[in-house]
Structure formats: structure tokens, C-alpha cells
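Notes to accompany the following structure.
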Amino acid sequence: MPLRQCHVFGLMANIVKQVESQLGQANFRHIQGIENLEEEGLKKLGYYRGFACPHGHLIRDSDGHWCYECAKKILSNVCGFDINYLHADYKHKYAKLWKLVKVGFPEDCWEMEIPGGGTPKRVCLPSYRSSYSKQKSENVNVHKALYQCAWGDVGALVVTRLCGNSKCANPLHMVSSFNRNYPPASVTPLEIDFKAEKLMLFNRQSQRESGIQPVIQQEFKNMITHPEYVKDRPEYNE
Ligand SMILES: [Zn+2]
Ligand SMILES: [Zn+2]
């Protein structure tokens, strides 16, 4: 294992502990068949249907506003996305942002640069607040934005950059309190270019009741752990 990677992994455990002691650990509750629950049922369980996350999910935690499906993905240690399948309100904004990133090897820092020099600090994107604020978009920290694209939407929770490099955009160098393990070996899938075929598939699926999720699941090739397995892990609170 390269030295830098060891260093980053070593830091991870400490920083996750720090984040948790400051903010408390987000309390994920797995609910069988949650997608079929009405608002009243969700409310009793501490969830609600809010503004769509970048991945098109709707159910969020009432306190932390993190996305239920995204939390499940992060707890399963899955980091990856396909720009073509992101929700329509995020797709083009994220495509623009990823164009500034020099994607490198998984263990390296991927530095960002704005044309003409400098590093973007904040980016205008929708958030969980979009369902009740007048503006649909707000300024989000650039590293939190990238984290939410690659890992998942953590709502009001904090995202920390482990490598300390303020220019770094590598999602494997970022954690929220849902990250408990060593990160996966790579960001998979990592599709940052628009493909006409996939965009057409997205549009077609969006008009169907099943939506785009079955297509995304197929791309992840069963990487998302079955909830029963997640449940057995110590970081899973119920
Ligand atoms: Zn989500
Ligand atoms: Zn880095």
C-alpha cells in the first residue's frame, strides 16, 4: 500500500471519531418497505419526503435531513455515480464541476482548478432546503458537493476532507459520520461524461413508474449491501 494511502487511512479513523464526538453519529434506521409508506407513517419513524437528492431519492431524516437511500449506500461503503443518471436539477451543475477536477489514481489527491487559476470554494446546487426555501439552489462547499455526488446526500451533516488538501476533489479522501470503514479501492462507477444513449435511457425511465433506480442498481452490480447485512454491522444503529 502506498505511504500516502496508509497515512490517509490512518487519519480516517481519528477524524471520523472527532466528527462524531462533535456532532453525534447519525442514527440510521432501516425500514422494510419504506418507499411505500405515506407521510404520516414516515413521520412516526422520523423520516419525511423532501427535495430529491442528486441520485433522485426522496426520503430524508427529519433531524439531519440526510437521504435514506444514500445513507444506506455510504454504510455499504459504495462510492460511485454516473452523471447521466443524476437527477435533472443536479446533472448539468455537477457535469460542470467535475470538468474542473483532474481525476487521477484512487490513492492520489485529485486537484481542482478554475480556468485562469484558483480553486472553487462553493458551488450553487439544490439541497434539502430547496423544498421550502424560495431559492431552489444555494451555495454548498465544493467538497461537500462532490461527496454528495459520489457517496450520497448527507443533508445537514458535515463532510470532512481527510487529506487536508484544500484543492482535493477525490471523494475517497472525504468522510461523513456514515463512513466507518476504509474507503473502497476506487470510485465505481465514475462516469463524468454525458452519453447520448444513457441520457435517452434516463429520460425514458423517468417517465415510467419504476424510474431510473433499477438502471442505477444494475450499474452498481449488487455493490449495495443487502440491508440485513448492514444491520449486523456495529455502525448500524436501530
Ligand atoms: Zn439519495
Ligand atoms: Zn486528497
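Atoms within each ligand, like the ligands themselves, are counted from 1 in listed order.
Ring geometry for Trp66 versus Phe178: interplanar angle over 60°, hence perpendicular rather than tilted (30 to 60°). The aromatic rings of Tyr90 and His87 lie perpendicular to each other, with more than 60° between the two planes, well past the 30° mark.
Under the side chain to side chain contact (heavy atoms under 4.5 Å, CB included) criterion, Arg122 pairs with Asn139, Asn141, sequence neighbours left out.
Atom NZ of Lys195 sits in a crowded spot, with more than 12 heavy atoms from other residues, nucleotides or ligands closer than 6.0 Å. Atom NZ of Lys198 is surrounded by more than 12 heavy atoms from other residues, nucleotides or ligands within 6.0 Å.
Scanning both residues, Lys93 and Leu125, for their nearest heavy atoms gives CB-CD2, 3.6 Å.
Neighbours of the Zn ion (ligand 1) restricted to protein N, O or S atoms under 2.8 Å: the count is 4.
Side-chain contact between Trp151 and Phe81: absent, with no pair of heavy atoms (C-beta onward) separated by less than 4.5 Å.
The name of the N, O or S atom in His173 nearest to the Zn ion (ligand 2) is ND1.
For Cys109 atom SG and Cys163 atom SG, the angle they make at the Zn ion (ligand 2) is roughly 110°, to 10 degrees.
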